[in-house]
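Here's the structure, in structure tokens; my notes come after.
So that the names make sense, note that chain A is the first sequence line, chain B the second, and so on, each numbered from 1. What you see is a predicted model; the values in this text were computed from it and never measured.
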Amino acid sequence: MDIPKQYNPKDTEKKWYKFWEEKGFFHAEPDPKKKPYSIVIPPPNITGILHMGHALNNTIQDIYVRFKRMQGFRTLWMPGTDHAGIATQNVVEKKLAQEGKTKDDLGREKFLEEVWKWREEYGSTIINQLKSLGSSCDWEKTRFTMDEGLSDAVLEVFVKLHEKGLIYRGNYIINWCPRCKTALSDEEAQHRDVDGMLYYIKYPIEDSKNHVIVATTRPETMLGDVAVCVNPKDKRYKDLKDKTVILPILKRPLKIIFDTKVDPKFGTGALKITPAHDPVDFELGRAHKLEPINVMNDDATINEVGGDFSGMDRLEAREAIIDELKEMKLFLKSEPHRHAVGHCYRCHTMVEPRLSKQWFVKMAPLAKPALDIVKKGKLKFYPKRWTKVYINWMENIRDWCISRQIWWGHRIPVYYCKKCSASSENVIVSKIRPEKCPKCGGSEIKQDPDVLDTWFSSWLWPFSTLGWPKKTKELKYFYPTNVLVTAQEIIFFWVARMVMAGMEFMKDMPFKDVYIHGTVRDDTGTKMSKSLGNVIDPINIISQFGSDALRFSIISITAQGQDVFLAPQKFELGRNFANKIWNASRLVLMNLKEDKVKKDLCQMAGDPSLTLADRWILSRFFQALGDFVKSLEAYRINDAANRIYEFIWHELCDWYLEMAKLTMDEEHTQVTLYKVLEKSLRTLHPIMPFITEDIWQRLPREHGTESIMVTSWPHMQKEFISKKIDAEMRLIINIVQAIRNLRATWRIEHKKEIDIFIKVKNKSVVSSLGANAIYVKRLARVGKLEISTKITKPKHSAVSVIEDTEIFLPLGGIIDIDKEKKRLGEKLDGLTAELNRINGKLKNKGFISKAPKNVIQQAKERKERVEVEMSSLKKNIRLL
RNA sequence: GGGCGGUUGGCGCAGUUGGUUAGCGCGUUUGCUUGACAUGCAAAAGGUCAUAGGUUCGACUCCUAUACCGCCCACCA
């Protein structure tokens with residue numbers, strides 16, 4: 001036969017993906033006769049390239065989508081990409097910089113053209129990479145957060161929220177990235193601990209030789225100081241009432257204000273107030289009616305207010321100011337101080353808190369329903385612990401700064417009339433650009449230059465992709481979606497906001513379940529990132545090991561919600577498994593006679609032609625199938641993967657295939673082999689779609705379906721599950737293993753056939769074992785095999801005991817009595833210890849009176865079995 | 001400052017409501033070109049489940065501390 005010995009995923013995967021796509025198997029139209037199942041993809045950024053996080057994330061989604069599709073649901077996996085405002089603008093700006101240009105050279109319109117060009121060229125890279133993973137998304141439906149429909153949804157939402165009074169514009173301290181030159185939301189400023197300094201500076205008191213010592217981590221902001229604040233209860237500063245201090249360098253007089261917000265224990269207990277550059281100071285400044293003074297430009301250089309320091313970068317200015325203070329003898333000391341500092345989540349530049357006029361969404365009213373739906377348990381998190389994280393965030397929600405001072409994104413639908421809004425806050429909010437000012441008729445209309453936060457489109461994703469605000473049949477059928485699969489990093493950015501948007505605009509949650517998987521890290525536990533150079537490229541892994549191997553491996557080693565530590569060699573697990581399946585299938589394909597496998601399994605449960613081995617593998621298969629489904633439904637995907645692995649490798653391959661070789665041409669073997677393999681492939685298909693398809697296509701067809709991905713999920717046939725059959729086979733397996741163990745212990749040449757005598761207690765076991773003697777003979781290389789209730793131990797024989805079954809291997813001259821004594825003695829010691837443990841339990845009154853019946857029963861049965869085994873062991877030691 | 005996760009054989013990890021002889025993969029040792037597979041087969045070695053208490057008839061599993069590692073949130077300048 002021309003099937004190669006090693007599975008080669010390379011050509012196979014491409015071929016089948018193309019086949020699925022061309023057949024339209026990924027496409028899902030609403031079908032009222034079927035139940036819907038839908039997932040929306042977390043849209044990757046158009047700047048993105050596939051990393052292991054994506055690989056894990058999308059493998060999980062694909063598993064569910066393929067699983068549900070086979071189960072008969074009308075299944076939609078909605079794909080798309082995110083325009084990723086700041087990230088994309090940065091990438092294009094960098095590209096321009098290489099050509100020696102800036103965005104301002106081009107101007108807004110030309111620049112946006114460049115971005116669109118860039119997106120045309122690179123924006124679908126990640127989509128193609130997702131395809132090589134095997135993702136069965138409905139690509140015909142692919143959306144982009146900047147496409148027409150989604151842009152319309154964004155405008156609709158802005159207008160509606162504004163009408164409701166939930167969008168407002170105002171001057172507040174926001175996080176400013178001086179490199180991206182835009183405002184950020186609180187979530188976009190990532191706090192990282194930084195080793196900084198706490199500087200102690202003397203502020204002279206007017207008309208006095210004394211001074212107040214102020215402690216600060218950012219001396220450069222003193223240029224914008226407007227007051228010094230102390231706690232009214234702080235006795236050290238009692239005398240400061242009605243005093244004025246002089247701001248060093250700029251010599252500005254500063255009021256002393258009193259407020260309990262100041263912690264007397266921190267620093268010197270005196271806080272300099274810079275309302276334009278610190279949120280706490282801003283609040284204090286407002287409470288005490290102080291005018292903020294902004295001292296920085298948008299690139300964090302000092303502005304004209306800063307006198308000699310103007311033009312310096314903030315950190316440069318910090319040093320210069322300290323030097324000057326030292327010269328003026330107003331610098332007391334500095335001490336190391338570790339504190340959290342915000343950093344831009346896109347470029348990692350230190351964020352500057354800065355007073356700025358921005359657009360905000362009032363979040364508390366939106367949070368309320370989003371909170372309720374989770375508290376009521378209608379929307380569930382897996383693992384559960386994220387519920388608390390979500391609730392905690394929702395309950396402490398702060399308003400969302402949504403305006404960004406960049407060009408790439410949804411332009412804010414706000415217009416200003418030069419004539420009438422210059423003097424007022426009257427703005428025009430409209431989805432369409434107005435010709436004239438509706439208030440004064442003025443024709444000089446200007447649109448707000450800012451764009452919206454990227455997440456302002458992402459939070460609508462579960463319904464905007466389905467057509468909202470239009471009332472489409474897709475929206476009606478597929479919303480709410482079934483599960484959202486994502487990583488913990490984006491719970492606040494995205495998950496929480498989607499719930500709020502869903503509740504507000506659809507009056508229903510966007511998904512029923514949220515599955516939060518772990519973060520992919522390298523084998524030292526560090527998060528994978530391009531800049532650290534520790535990434536394992538999934539595309540690389542795919543070309544090396546295959547997509548199935550990647551998928552299986554990563555799923556198998558990722559426990560629910562736990563972070564996963566990856567190293568390239570871990571993918572050998574999946575590659576080896578794929579190869580194992582490949583070769584098992586080769587064996588079957590080389591032997592299968594198509595005319596012998598057509599029997600209907602539904603009528604086979606009582607079929608007398610089935611042997612113990614046949615019944616056993618069927619029993620084991622259906623148990624594995626049941627466990628597999630149960631695990632998937634509980635989002636315990638690694639359990640599912642490992643369960644089917646265990647079945648295929650260690651039951652089907654290790655035992656049944658070996659046994660089947662002996663009766664390969666008989667119909668019962670043919671049928672069982674075919675059914676079990678075919679069903680195993682179907683079960684495994686969601687995890688390893690390519691290899692299962694490839695083999696399935698080579699098998700005889702039972703139904704008219706064209707592909708494994710559109711066949712039905714294996715039907716559960718509980719009637720095949722039998723504990724009795726399992727136990728019977730267990731004994732045979734144990735005997736084979738015991739004989740192999742004896743062979744190894746006594747170093748019997750592996751080719752040599754040996755004689756074995758087995759003494760059993762019951763006649764019924766004699767006949768059961770007798771009927772399956774060929775398996776024992778074959779699998780343990782036994783020549784003469786005698787099974788009886790009346791065996792007496794042959795001379796010079798080694799023995800192995802399985803409860804009441806004794807296995808004798810005559811060794812003749814090579815037996816070493818001492819060695820055998822020691823071996824059996826050790827086994828006996830182990831059993832004695834166990835018996836003592838069980839006896840201890842059973843003698844314990846508390847155990848007898850309080851433990852559940854079945855547990856006591858179990859202990860008793862175990863005790864009996866141990867005793868039986870011990871007595872036969874003892875007897876055999878005596879006989880040595 | 002709060003919250004969360006982790007600590008199980010040499011390494012990486014499972015262990016779902018407390019009752020298992022504590023599992024898996026890699027690695028290790030020994031033996032195998034057994035007519036599907038050396039990306040394999042067979043046999044084996046290796047763990048007082050981080051520490052200290054507690055609850056319980058019974059704890060890897062529940063509770064309370066402690067230690068170490070990691071993450072998230074938070075306006076201590």
Side-chain angles (χ1 to χ4, degrees), chain A residues 3 5-7 173 191 198 214-218 221 229 261-263 265-268 270-274 278-283 337 339-340 353 383 385-386 388-389 392-393 396 488-489 491-492 518-519 521 523 525 527 545 549 553 556-565 567 569-570 572-573 575-591 630-631 634 636 638-639 642 645-646 653-654 657-658 661 737 740-745 747 749-751 778-781 830-831 833-834 837 841 844-852 854-856 858-859 862 866:
Chain A
I3 307 172
K5 274 189 170 188
Q6 286 190 355
Y7 174 56
I173 297 277
H191 291 272
L198 188 60
V214 146
T216 179
T217 55
R218 295 188 294 154
T221 63
C229 185
K261 279 206 176 119
V262 175
D263 178 3
K265 286 188 212 84
F266 188 90
T268 60
L271 173 65
K272 63 185 216 48
I273 300 295
T274 324
D278 186 278
V280 179
D281 294 11
F282 177 73
E283 289 305 320
H337 179 68
H339 60 143
R385 63 172 185 274
W386 296 108
K388 228 166 96 180
V389 176
N392 186 50
W393 186 79
N396 297 294
Q488 60 202 55
E489 292 91 7
I491 294 179
F492 306 139
T519 305
R521 300 174 185 283
D523 55 357
K527 204 160 148 178
F545 299 99
S553 305
S556 163
I557 61 180
T558 307
Q560 187 185 57
Q562 282 313 117
D563 287 356
V564 57
F565 290 36
Q569 91 239 13
K570 293 204 177 182
E572 289 169 9
L573 172 71
R575 179 201 57 183
N576 295 354
F577 185 41
N579 196 241
K580 188 75 182 174
I581 296 162
W582 182 252
N583 280 290
S585 306
R586 267 180 81 216
L587 173 70
V588 176
L589 287 165
M590 285 189 288
N591 289 285
K630 218 168 120 189
S631 295
R636 305 181 64 88
N638 62 320
D639 285 352
N642 292 327
Y645 174 95
E646 166 72 20
C653 293
D654 285 356
L657 290 188
E658 292 306 322
K661 284 176 185 171
Q737 286 176 329
R740 285 170 174 172
N741 181 297
L742 287 175
R743 297 186 67 116
T745 310
R747 303 197 168 269
E749 221 189 313
H750 84 282
K751 275 191 172 163
R778 167 70 179 237
L779 299 181
R781 269 186 194 267
L831 288 170
E834 200 188 338
R837 223 174 19 240
K841 257 191 197 175
N844 187 327
K845 276 182 206 154
F847 179 72
I848 296 299
S849 61
K850 288 183 182 170
N854 65 318
V855 173
I856 297 172
Q858 253 173 31
R862 181 75 196 138
V866 170

Between [N] and [M], how far is it from one [atom1] atom to the other, in whole Å?
N: B:G1; M: B:C62; atom1: C1'; answer: 28 Å
N: B:C63; M: B:G5; atom1: P; answer: 10 Å
N: B:A59; M: B:A50; atom1: C1'; answer: 16 Å
N: B:A77; M: B:C4; atom1: C1'; answer: 28 Å
N: B:G35; M: B:G47; atom1: P; answer: 37 Å
N: B:G70; M: B:U30; atom1: P; answer: 39 Å
N: B:U48; M: B:G9; atom1: C1'; answer: 12 Å

* What pairs with A:Ser556 under side-chain hydrogen bond (donor to acceptor under 3.5 Å, both in side chains), at least two apart in sequence or on another chain? -> A:Asn642
* Taking only residues two or more places apart in sequence or in another chain, which ones pass side-chain hydrogen bond (donor to acceptor under 3.5 Å, both in side chains) with A:Asp263? -> none
Closest approach to the side chain of [X], judged atom by atom: which nucleotide of [options] is it?
X: A:Lys580; options: B:A77, B:U39, B:C37; value: B:C37
X: A:Asn579; options: B:G12, B:C37, B:A36; value: B:C37
X: A:His337; options: B:A77, B:A36, B:A44; value: B:A77
X: A:Arg781; options: B:U34, B:A77, B:A36; value: B:U34
X: A:Ala584; options: B:A77, B:A74, B:A36; value: B:A36
X: A:Phe847; options: B:G19, B:A36, B:C71; value: B:G19
X: A:Asp263; options: B:U30, B:C76, B:A74; value: B:C76
X: A:Asp278; options: B:G31, B:A77, B:A43; value: B:A77

* Structure fact -> Protein heavy-atom contacts under 4.0 Å, written 5' to 3' over nucleotides 59-64 of chain B as B (base), S (sugar-phosphate only) or - (none), form the string ------
* To do: Treat primed atoms plus P, OP1 and OP2 as sugar-phosphate and everything else as base, then score nucleotides 20-28 of chain B 5' to 3': B for base contact with protein heavy atoms under 4.0 Å, S for sugar-phosphate contact only, - for none.
  => SB---S---
* Using a 3.5 Å limit on both pairing distances, list the dot-bracket string of RNA chain B from the 5' end; Watson-Crick and G-U wobble pairs count, crossing pairs take [ ], interstrand pairs take |. => (((((((..((((.....[...)))).(((((.......))))).....(((((..]....))))))))))))....
Taking [atom1] from [X] and [atom2] from [N], how many angstroms apart are they, rounded to a whole number?
X: A:Arg747; N: B:U29; atom1: CZ; atom2: P; answer: 14 Å
X: A:Arg743; N: B:C41; atom1: CZ; atom2: P; answer: 18 Å
X: A:Asn392; N: B:C73; atom1: CG; atom2: P; answer: 11 Å
X: A:Glu749; N: B:U34; atom1: CD; atom2: C1'; answer: 13 Å
X: A:Asp563; N: B:G70; atom1: CG; atom2: P; answer: 13 Å
X: A:Ile848; N: B:U56; atom1: CD1; atom2: C1'; answer: 16 Å

Can you find a side chain N or O atom of [X] that sits less than 4.0 Å from OP1 or OP2 on [N]?
X: A:Lys5; N: B:U39; value: no
X: A:His750; N: B:A43; value: no
X: A:Arg636; N: B:G15; value: yes
X: A:Arg740; N: B:A43; value: yes

* To do: For the residue pair A:Glu572 and A:Phe545, establish whether any side-chain heavy-atom pair is separated by less than 4.5 Å.
  => yes
* Side-chain contact test, heavy atoms from C-beta onward, threshold under 4.5 Å: evaluate it for A:Thr221 versus A:Arg218 and give yes or no. => yes
For nucleotides 3-9 of chain B, which of its nitrogen or oxygen atoms have a protein nitrogen or oxygen under 3.5 Å away, and what is each distance?
| residue | atom | partner | partner atom | Å |
| --- | --- | --- | --- | --- |
| B:C4 | OP1 | A:Lys388 | NZ | 2.9 |
| B:G5 | O2' | A:Gln562 | NE2 | 3.3 |

* Check ion pair A:Glu834-A:Arg862 (N to O, under 4.0 angstrom) -> yes
* Ion pair present between A:Asp281 and A:Lys272, side-chain N to carboxylate O less than 4.0 angstrom? -> no
* How is A:Phe492 classified with respect to the nucleic acid when contacts are heavy atoms under 4.0 Å: base, sugar-phosphate, or nothing? -> sugar-phosphate
